[in-house]
Asker: 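Have a look at the structure that comes next, please.
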Amino acid sequence: MRLTQRTDYTLRVLMYCAACAERAKLPTVSEIAEAHGISRSHLMKIVMDLASLGWLETTRGRGGGLRLLRAPASLSLGEIVRQTETDMDMVECFDKHLNSCRLDGFCRLKGIIKKASRDFIESLNAYTLADLLEPTSAALEFAGQLPHLIPLKKNATKARTV
């Protein structure tokens with residue numbers, strides 16, 4: 001299974017906002033785009049979708065930014081993936097309108113892949129956005145820095161050494 005870039009970016013936005021929840025200044029789309037090297041306009045579309053899902057609040061103007069509306073522990077990774085992936089059809093025979101497979105109904109592949117897809121989502125349901133905020137061992141060199149803010153610190157370090 002491969003997640004789309006849109007889902008990847010959605011997870012990054014949500015993690016970043018969760019990591020900045022206690023910060024006085026709200027994170028902005030531009031800040032997240034710069035931190036991750038992602039197109040601002042692409043992130044804007046994702047942020048608007050997250051706002052329509054009721055996961056983010058967006059505030060314009062001075063002092064504006066993004067605020068996570070749900071507790072990170074209440075957002076399962078399975079829910080995020082289900083809401084952001086537009087096509088979970090792993091093989092052609094999953095879509096009865098586009099299916100031209102001559103083996104449809106005669107082979108076991110469809111059932112096996114459907115089960116694997118369900119298992120994949122169920123595995124993701126065991127984790128929440130809060131679980132993603134725990135630092136990895138690689139993040140230890142950036143003491144006190146949440147892992148989703150490290151790209152900012154790493155870029156600043158590179159700029160100083162050049």
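Both backbone and side-chain heavy atoms feed into the values below; hydrogens, waters and symmetry mates do not.
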Asker: Are L56 and L132 connected, step by step, through hydrophobic side chains (Ile, Leu, Val, Met, Phe, Trp, Tyr) whose heavy atoms are closer than 4.5 Å?
Answerer: yes

Asker: Applying side-chain hydrogen bond (donor to acceptor under 3.5 Å, both in side chains), name anything that partners T28, two or more places apart in sequence or on another chain.
Answerer: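 Residues passing side-chain hydrogen bond (donor to acceptor under 3.5 Å, both in side chains) with T28: none at all.
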
Asker: Can you name the nearest heavy-atom pair linking G54 to L69, along with the distance?
Answerer: O-CB, 3.6 Å

Asker: Under a 4.5 Å side-chain heavy-atom rule over Ile, Leu, Val, Met, Phe, Trp and Tyr, are L53 and L3 clustered together?
Answerer: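 Yes: a chain of side-chain contacts under 4.5 Å links L53 to L3.
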
Asker: Do any pairs count as a ring pair (Phe, Tyr, Trp, His ring centres under 6.0 Å) and have a residue in residues 47-68, sequence neighbours left out, and if so which ones?
Answerer: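 Passing the test, one end in residues 47-68: no pairs.
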
Asker: In Å, rounded to the nearest 0.5 Å, how long is the span from CG of L66 to CG of L50?
Answerer: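 So the gap between those two atoms works out to 9.0 Å.
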
Asker: Hey, could you give me the CZ/CD1 distance between R12 and I32, rounded to the nearest 0.5 Å?
Answerer: 11.5 Å

Asker: With sequence neighbours left out, what residues match T58 under side-chain hydrogen bond (donor to acceptor under 3.5 Å, both in side chains)?
Answerer: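 Residues passing side-chain hydrogen bond (donor to acceptor under 3.5 Å, both in side chains) with T58: none at all.
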
Asker: Would you compute the distance between atom CG of L77 and atom CZ of R82 and round it to the nearest 0.5 angstrom?
Answerer: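 Going from CG on L77 over to CZ on R82, the span is 10.5 Å.
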
Asker: Rounded to the nearest 0.5 Å, how far does CD1 of I80 lie from OG1 of T128?
Answerer: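 If we round to the nearest 0.5 Å, T128:OG1 and I80:CD1 are 8.5 Å apart.
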
Asker: Any salt bridge (charged side-chain N to carboxylate O under 4.0 Å, His left out) pairs touching residues 115-131, not counting sequence neighbours?
Answerer: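 Checked against salt bridge (charged side-chain N to carboxylate O under 4.0 Å, His left out) - neighbours excluded - the pairs reaching residues 115-131 are K115-D119.
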
Asker: Take T84 and T4, measure what side chain to side chain contact (heavy atoms under 4.5 Å, CB included) needs, and give me the verdict at the end.
Answerer: CA-CA 9 Å; T84 57; T4 61; 6.0 Å; no

Asker: Which donor-acceptor pairs under 3.5 Å do the side chains of residues 41-49 make with protein atoms, sequence neighbours left out?
Answerer:
unit_1, atom_1, unit_2, atom_2, d
S41, OG, S39, OG, 3.1
D49, OD2, R6, NH2, 2.0

Asker: After noting the C-alpha distance and the side-chain angles of Y9 and H36, does the key distance pass the side chain to side chain contact (heavy atoms under 4.5 Å, CB included) rule?
Answerer: CA-CA 9 Å; Y9 292 173; H36 291 285; over 6 Å; no

Asker: In the single-linkage hydrophobic clustering (I, L, V, M, F, W, Y; side-chain heavy atoms under 4.5 Å), do L124 and L129 co-cluster?
Answerer: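 They do share one cluster, since a chain of ILVMFWY contacts under 4.5 Å joins L124 to L129.
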
Asker: To the nearest 0.5 Å, what is the distance between CZ (F120) and CG (N125)?
Answerer: 10.5 Å

Asker: Do L14 and Y127 sit in the same hydrophobic cluster, where Ile, Leu, Val, Met, Phe, Trp and Tyr count as joined when their side-chain heavy atoms come under 4.5 Å apart?
Answerer: yes

Asker: What pairs meet the salt bridge (charged side-chain N to carboxylate O under 4.0 Å, His left out) rule with one or both residues in residues 63-72, with sequence neighbours excluded?
Answerer: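 Residue pairs passing salt bridge (charged side-chain N to carboxylate O under 4.0 Å, His left out), neighbours aside: E57-R67, R70-E79.
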
